[in-house]
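Bear in mind the structure is a predicted one, so any value in this text is a computation, not a measurement. Residue numbers begin at 1 in each chain, while the letters A, B, ... track the order of the sequences.
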Amino acid sequence: MLLWALADVNSMYASCEQVFRPDLRGKPVIVASNNDGSIIARNKEAKLLGIKMGAPLHQCMDVIRQNRVAVFSSQYTLYGDMSNRVMTLLADMAPAHEVYSIDEAFLLYPNGLHQAESHGRAIVERIKRCTGLGIGVGFGPTKTLAKLANHIAKTSPSAKGVFDISVLNQLELDALLESLPISEVWGVGRRHAERLGLLGIQSVKQLRDADIDQIKTQFGSVLCRTVLELRGIVCFPLEENAPDKQQIMCSRSFAHEVSDLDVLGSAISHHVCRAMQKLRSQQSVTNGFTIMIRTNPFKPELIQHYGSMTGMLSRATDDTLVVQRLALQVLAKLYRKGYRYKKAGVMLLEVQPKSFHQHDLFEPIQLSNPRRDALMQSMDKIAHRFGREKIKLASELYKGWEMRRERLSPRYTTRWNELPKVTC
DNA sequence: TCTGGGGTCCTAGGACCC
DNA sequence: TCTGGGGTCCTAGGACCC
């Protein structure tokens, strides 16, 4: 009998920081979003202090100071590398797996497991030993139930990090689902939870037993599949190979507001470079892009401007210079003098595989420009080997749009000169 | 002073076609 | 009194995820 597992790292970002800072063990740790804006990760101790997910950092400074909470700026280089290590180990412990997010993977056992719980404990132990990170593992007959089991693994003291929902008998399962609110279900967000509540559906058991036609007509086919998954019917299959991105977005808030067009242009150029690099790394081309700039919506006393404008290309491309040139032209149209901009970004649209892109009827057919392809390859290689900061376009060089990252930890695992120091 | 940055899918409604 | 009946395609917006 087929069995799913969901393994996910406990407080991933906070745990990654803690692994390299043994002095912080047992102490509250939080990680701030880009620009040190809001709180995006908290360890157990920080949660106990009542620090909320998504809360603006500056509103929590009292509790942070009083309790000596360790605060880190987010360091995705580190988290990404630690994630790769975890995923490699997990892949080795199941016949098939799917990396679902930076800190979660589904594992699939097509023939089930005799001792799921002890296997789960072996996974937890191995990840801890090899990476220093704690994980929780939930087993169930569908992805949705495995996710729910994972929630129990992490929150129920008796589960101690591993829980198999598939071994429960019908009465036990009903009692458990009755005790869980629908908001714990994967695919039920705040809006759905509110609307379901109005229909009197509050527990997971009630959702599982709800009228499927009513769910379909009132909430759509996605939630309908979720309900079926709660009944043990597999609707969400394994996706072993992450599909190529259909859109690629790069955007950042600025530490300080920006009014100068050249500085905004520098930010846009930088985001175009990053986005195009992502595009090439999945061997795709883009047909166009949207540029976005906006003022600070949290300052209603300032005059606001949210501007976005799309530029379409005559031919799909993966050439940074082509997109960057047009992007700056679009930005110049979008820009309004005198506004204090807080964020800029670019989104690549109509992303498709380079191997079969559509040619323009009115343009001469040209498969690619070998010189430009070589240039792009060289840029990517240099950036990969020596770091993104070593190769830039001239238009990226205006300063003044940096992020705030005042509590950044070293890139312990990916830079030789930032390796953790060991004292013997 | 200070509020992230990515993504996906689905649906409703309008434009347009014959 | 009764005012066609199907389609497709596109877009904006809403919901969800981490």
Side-chain angles (χ1 to χ4, degrees), chain A residues 6 8-9 11-13 30-41 51-62 64 71-76 79-80 83 98-106 143-144 147 150-151 182-196 215-226 229 235-236 239 242-257 267 270-271 274-275 278-279 282 288 290 292 294-302 308 310 312 340 342-351 403-407:
Chain A
L6 178 79
D8 85 330
V9 179
S11 322
M12 171 79 177
Y13 299 169
I30 61 174
V31 177
S33 65
N34 276 331
N35 219 31
D36 294 348
S38 55
I39 292 161
I40 55 167
I51 297 176
K52 296 274 180 285
M53 186 75 166
L57 186 63
H58 68 95
Q59 286 176 9
C60 305
M61 287 319 287
D62 285 347
I64 287 171
V71 182
F72 291 92
S73 301
S74 35
Q75 170 63 278
Y76 291 98
Y79 313 148
S83 172
E98 170 187 336
V99 177
Y100 176 65
S101 73
I102 193 163
D103 70 337
E104 288 175 75
F106 285 105
K143 280 182 167 179
T144 304
K147 265 270 209 189
N150 181 277
H151 167 72
I182 47 173
S183 52
E184 293 302 339
V185 174
W186 183 45
V188 179
R190 195 168 51 86
R191 297 286 177 159
H192 278 352
E194 277 170 18
R195 285 178 55 208
L196 286 163
I215 295 292
K216 171 114 197 219
T217 50
Q218 293 193 25
F219 297 88
S221 57
V222 177
L223 192 66
C224 185
R225 287 200 280 272
T226 296
E229 283 240 322
C235 297
F236 302 124
E239 289 173 25
D244 284 345
K245 303 273 184 256
Q246 300 169 36
Q247 302 177 338
I248 293 172
M249 183 153 181
C250 287
S251 66
R252 286 286 181 277
S253 300
F254 314 133
H256 304 287
E257 286 144 358
H270 179 80
H271 299 325
R274 281 205 305 140
K278 287 187 200 171
L279 183 78
Q282 65 167 40
T290 296
M292 182 278 298
R294 75 158 159 76
T295 50
N296 190 346
F298 296 101
K299 283 191 180 170
E301 70 277 15
L302 294 182
S308 74
T310 296
M312 296 310 289
R340 299 168 65 174
K342 180 67 179 168
K343 182 174 178 178
V346 58
M347 188 194 285
L348 303 181
L349 310 169
E350 296 185 23
V351 169
M403 274 196 281
R404 181 176 289 108
R405 302 172 94 184
E406 287 169 358
R407 319 261 195 152

J.: So what is the 5' to 3' dot-bracket string for DNA chain B, if pairs are Watson-Crick or G-U wobble with both distances under 3.5 Å, crossing pairs use [ ] and | means the partner sits on another strand?
T.: ....||||||||||||||
J.: Taking only the P atom of each, what is the distance from C:dC18 to B:dT3 in whole angstrom?
T.: 25 Å
J.: Along nucleotides 2-9 of chain B, 5' to 3', which nucleotides get a B, which get an S, and which get a -, given that the test is a protein heavy-atom distance under 4.0 Å?
T.: BBSSSSBS
J.: Restricting to salt bridge (Lys or Arg N to Asp or Glu O under 4.0 Å), what partner residues turn up for A:Arg405, sequence neighbours left out?
T.: none
J.: Tell me the closest heavy-atom pair linking A:Lys147 and A:Leu6, and the distance in Å.
T.: CD-CD2, 3.4 Å
J.: Need one value for A:Ser74: base, sugar-phosphate or nothing, where a base atom within 4.0 Å counts as base even if backbone is also close, heavy atoms only.
T.: nothing
J.: Mind checking the CD1-CE spacing from A:Ile40 to A:Met53? Nearest 0.5 Å is all I need.
T.: 7.0 Å
J.: Considering every strand and a 4.0 Å limit on heavy-atom distances, what is the contact class for A:Tyr100: base, sugar-phosphate, or nothing?
T.: sugar-phosphate
J.: Does the pair A:Arg190/A:Glu194 count as a salt bridge with the N-to-O cut at 4.0 Å?
T.: yes
J.: Roughly how many Å is it from NZ in A:Lys147 to P in C:dC16, rounded to a whole number?
T.: 14 Å
J.: For A:Cys235, does its backbone N or O pair with a side-chain atom of A:Glu229 as donor and acceptor, under 3.5 Å?
T.: yes
J.: Given A:Glu257, which of A:Arg294, A:Lys299, A:Lys342 fulfils the salt bridge (Lys or Arg N to Asp or Glu O under 4.0 Å) condition?
T.: A:Lys299
J.: Count the heavy atoms belonging to other residues, nucleotides or ligands that lie under 6.0 Å from NZ of A:Lys278, then report whether that count exceeds 12.
T.: yes
J.: In whole angstroms, how far is the P atom of C:dC18 from the OH atom of A:Tyr79?
T.: 19 Å
J.: In whole angstrom, give the distance that lies between atom CZ of A:Arg195 and atom C1' of C:dG14.
T.: 10 Å
J.: Would you mind reading off the distance between A:Phe236 atom CZ and C:dC18 atom P, rounded to a whole angstrom?
T.: 12 Å
J.: Rounded off to whole Å, could you give me the CD1-to-P distance for the A:Ile215 and B:dC10 pair?
T.: 17 Å
J.: Which pair of non-hydrogen atoms, one from A:Lys245 and one from A:Val351, has the smallest distance, and what is that distance?
T.: O-CG1, 3.3 Å
J.: Within this structure, what is the CG-OG distance for the pair A:Asn34 and A:Ser73, rounded to the nearest 0.5 Å?
T.: 9.0 Å
J.: In this structure, how many angstroms lie between the C1' atom of C:dT11 and the CG atom of A:Leu349, rounded?
T.: 13 Å
J.: Please report the distance, rounded to the nearest Å, between CZ in A:Arg191 and C1' in B:dC10.
T.: 17 Å
J.: Rounded to whole angstrom units, what separation is found between the CG atom of A:Leu223 and the C1' atom of B:dC10?
T.: 12 Å
